[in-house]
Each structure stands twice: as structure tokens, then as C-alpha cells.
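Quick notes on the structure that follows.
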Amino acid sequence: MLRGGLPHDSPQKALELIFAATPALPAWPISPQRSGRDPAVLQAAAGFPGLLFETERIAVDREVAEQGLDRLGLAYLRDERSIGALAADQTASLADLLRQAESRKPQALKAELLGPISLSLMLVDGQEQPLAYEPALREGLLHHLALRLGWLHEQLSVHGGAVLICIDEPFLNGLDLPFGPLDHDESFELLGRFLSTLPGSIGLCIDTTPVWAELLVLPVDLVLFNAYEHSADLVQAAAAVAGYLDRGGCLGWGIVPIEPAALAHERVETLVRRFTSAVEYLAAAADMAPQRIYEAALISTSASPTTLQADQAEAALHLCAAVAHAVRKQCGLEEDS
């Protein structure tokens with residue numbers, strides 16, 4: 001499965017790659033922005049009251065934002081998902097994805113969006129202060145993102161299959177930093193409340209090492225993590241992982257690296273060994289059959305390949321497909337299971 005986006009300037013070429021490498025679970029890719037602004041922030045924040053599009057960043061006019069919070073909160077209470085719609089110039093590739101899905105009939109469609117914790121840390125006001133410092137603005141971002149994701153779910157549901165919405169929280173570990181703007185317990189409460197309101201199947205993307213026992217009780221169906229560097233930490237939380245899998249959860253193993261030197265060095269065989277070894281260790285620590293872990297696994301990259309060159313991103317996504325195929329064959333799993 002594709003995590004995040006692709007560096008391709010052409011949405012058509014990006015979708016060709018996605019349907020070639022991940023036909024069962026194609027994703028709507030986050031596309032690069034020539035303006036220099038972070039495309040993930042732009043896709044998530046667009047439409048939030050008071051948003052300012054400066055030369056190479058996105059900021060928020062605090063006064064305008066605060067004036068718009070009541071209207072946003074009312075739309076959230078009424079579940080007015082059209083408020084979360086993206087502009088037509090941001091959704092051309094989404095329409096192409098839906099057209100191709102209509103004929104190809106994938107098992108599910110996937111979209112990804114920044115979560116409320118990370119977005120509140122990445123968006124700043126005129127004084128360069130993250131919105132995370134203001135509880136009312138954090139809550140407003142929750143309302144805004146819930147409406148956007150509700151609208152996205154409606155768009156993806158048109159093809160008639162399952163929908164997977166993944167929430168990307170790259171700064172989740174920032175909650176443990178001293179003197180940070182967010183209280184750890186309050187933030188996990190906010191994240192749990194946010195996740196519990198979302199429709200469809202929900203995934204959570206993380207970049208570094210979380211407290212797994214705390215993370216795996218959140219209301220998510222899938223957790224995507226950097227398995228290339230941090231699979232040993234998962235083994236240490238084997239009991240929590242076993243409970244999560246028993247409740248029907250799945251793990252997205254980011255076993256294909258996006259660091260260019262590592263990507264150039266790795267081969268299908270080496271990545272399969274790395275993945276299966278981690279599964280064997282986890283199964284032994286959790287006292288469960290390895291097959292149970294394989295059946296609840298997706299293969300992805302260690303993080304979004306947006307930062308790579310186009311040919312490198314293509315190699316990474318095809319590696320994901322090849323590793324998944326090799327593991328299925330090795331473990332006797334059906335290709336369409």
C-alpha cells in the first residue's frame with residue numbers, strides 16, 4: 001500500500017504506478033506542490049478559517065480563525081460534510097482515481113490526511129506560535145478535519161467498495177518533549193475522540209517509536225509504522241500487539257526504506273528476511289502463530305516516498321508489491337486474501 005504521496009508531477013503517471021503496484025488497495029496520493037508549501041499541510045488545512053497562503057508556507061490569522069470557530073463547530077455538530085470539501089483544482093486526481101476504480105474494482109480505496117495533533121503543531125499564527133497552544137483552535141482543527149474526512153469518505157464510497165482513511169500523526173512523539181504546547185493525556189484523549197467519529201475503516205500512520213501499549217488501544221483498524229528501523233520496539237510490546245490483533249486490528253509494516261542509499265542497497269530477498277524475522281520474533285514473544293501476524297499485515301514504505309525522485313519512488317512501491325507477493329507465496333496465503 002502507498003503511504004503518503006508520490007513525487008510525480010503528473011497525476012496520471014502517479015495513478016498508473018499506484019494501480020500497477022497496489023491494485024487491490026489503490027490510494028489517492030498526496031501530490032507535490034511547486035509553491036514550496038507542504039502538500040500534506042495544504043490538503044489538510046485548506047478551508048480552515050483565517051488561513052493565509054504566504055510565499056513558501058501556510059499560516060493562520062488568529063483573529064479571523066477565532067471568529068470562524070462557532071460556524072465550524074455548528075457544521076461539525078450537524079455533520080455538514082460539504083463544509084469539508086476540497087476545491088476542484090485539488091481533486092482532479094481524486095476524480096481520476098474514482099474513474100479507474102469503477103472499471104478495476106479494487107478491494108478498497110485509501111486516502112490519507114494529517115491528524116489534529118500534528119496539524120496543530122505545524123500551523124502557526126502571525127507570531128509564529130503553533131495553534132496547538134490554544135485549546136479552542138485545536139478543537140476547531142478537530143472539527144475541520146472531521147468534516148474533511150467525512151467528505152473524503154463520501155467521495156471514495158462512490159466506487160461501492162470499502163474505504164480506508166489513514167490519519168498521519170508524524171509528531172505524536174512530540175507530546176513527550178518538555179515545555180511542549182500539548183499535554184500528553186489531553187492530546188491522546190483528543191486524538192481518540194477524533195478517531196472515534198470518523199466513518200469507515202481507520203488507519204493511523206506514525207513515524208517514530210510510540211508507546212505501543214497506549215497507541216494500540218486507540219479506535220483504529222490499522223497502524224502503519226516504520227518497520228525498517230523500529231520493528232524491535234514492536235516485539236517489546238508483544239502483549240499489547242497480541243491483544244490488538246485479537247480485536248481484529250492490522251499492522252502496516254513499513255519495511256521498504258525511503259532513505260535513498262538504503263533503498264538502492266535493499267533487494268526483495270533481504271527485505272523479506274528482515275520482515276519475516278521480525279514476525280517470528282514478535283510471534284514468539286506474543287505466544288501466537290506467525291500466520292496470524294502475516295494475515296493481518298500490509299506492506300508499505302517506512303514513510304511517504306514524496307521526498308524521493310520519481311524513479312526512486314517507483315522502485316520503492318514496486319518493492320512493496322514484490323515483498324508482499326514473496327511473503328504470500330512463502331506463507332501459503334492466497335493472492336486475493
> Do other residues, nucleotides or ligands put more than 12 heavy atoms under 6.0 Å from D311 CG?
Replying inline: yes

>> Tell me the closest heavy-atom pair linking S201 and D221, and the distance in Å.
In response: CA-OD2, 3.3 Å

>> Pair E214, H184 - check side-chain hydrogen bond (donor to acceptor under 3.5 Å, both in side chains), show working.
In response: CA-CA 11 Å; E214 184 177 46; H184 183 100; 2.7 Å; yes

>> If I compare all heavy atoms of I167 with all of L195, which pair ends up nearest, and what's the gap?
In response: CG1-CD2, 3.8 Å

>> What I'd like to find out is whether the side chain of T197 reaches to under 4.5 Å of the side chain of Y76, using heavy atoms alone.
In response: yes

> How many angstroms lie between atom OG1 of T22 and atom CG of L17, to the nearest 0.5 angstrom?
Replying inline: 7.5 Å

> Does the side chain of P260 reach to within under 4.5 Å of the side chain of Q312, using non-hydrogen atoms?
Replying inline: yes

> So does E63 have more than 12 non-hydrogen atoms from other groups sitting under 6.0 Å from CD?
Replying inline: no

> Of all heavy-atom pairs between L182 and S120, which one has the smallest distance, and what is that distance?
Replying inline: CD1-OG, 4.2 Å

> Are side-chain heavy atoms of I83 and R71 found at a separation under 4.5 Å?
Replying inline: yes

> Which word best sums up how the rings of F48 and H144 line up, parallel for under 30°, tilted for 30 to 60°, or perpendicular for over 60°?
Replying inline: perpendicular

> Do R138 and E186 come close enough that some side-chain heavy atom pair is under 4.5 Å?
Replying inline: yes

> Among the clusters formed by ILVMFWY side chains lying less than 4.5 Å apart, do L25 and I18 turn up in the same one?
Replying inline: no

> Above 12 or not: heavy atoms from other molecules or residues under 6.0 Å from OH of Y281?
Replying inline: no

> When you look at CD of E295, are more than 12 heavy atoms from neighbouring residues, nucleotides or ligands closer to it than 6.0 Å?
Replying inline: yes

>> To check you understand the geometry: which heavy-atom pair defines the closest contact between D185 and D183, and what is its length?
In response: N-OD2, 3.2 Å

>> Nearest 0.5 angstrom please: W151 CH2 to L156 CG, how far?
In response: 8.5 Å

> In this structure, which one of L317, L263, L2, V256 forms a side-chain contact (heavy atoms from CB on, under 4.5 Å) with P305?
Replying inline: L2

>> A side-chain contact here means heavy atoms from C-beta on lying under 4.5 Å apart; do T270 and R267 qualify?
In response: yes

> F275 and Y228: ring-ring contact (aromatic ring centres under 6.0 Å, His included), yes or no, with the steps?
Replying inline: CA-CA 8 Å; F275 173 53; Y228 188 77; over 10 Å; no

>> Measuring from atom NE2 of H159 to atom CD of Q100, what distance do you get when rounded to the nearest 0.5 angstrom?
In response: 13.0 Å

>> Quick check on E189: does its CD atom have over 12 non-hydrogen neighbours (other residues, nucleotides or ligands) under 6.0 Å away?
In response: yes

> Do W212 and F225 have their ring centres less than 6.0 Å from each other?
Replying inline: yes

> For the atom pair CD (E139) and CG (L131), what is the distance rounded to the nearest 0.5 Å?
Replying inline: 13.5 Å

> Which heavy-atom pair separates E280 from P290 by the least distance, and what is that distance?
Replying inline: OE1-CG, 3.7 Å

> Do L224 and L298 have side-chain heavy atoms sitting under 4.5 Å apart?
Replying inline: no

>> How close do A40 and D38 get, counting heavy atoms only, and between which atoms?
In response: N-OD1, 2.9 Å

> Can you tell if the side chain of L114 reaches within under 4.5 Å of the side chain of P170, non-hydrogen atoms only?
Replying inline: yes

> Going by heavy atoms in the side chains, are Y133 and V124 under 4.5 Å from each other?
Replying inline: no

> H8 and side-chain hydrogen bond (donor to acceptor under 3.5 Å, both in side chains): which partner among K13, E314, E16?
Replying inline: E314

> Is it true that the side chains of S300 and W253 contain a donor and an acceptor less than 3.5 Å apart?
Replying inline: no

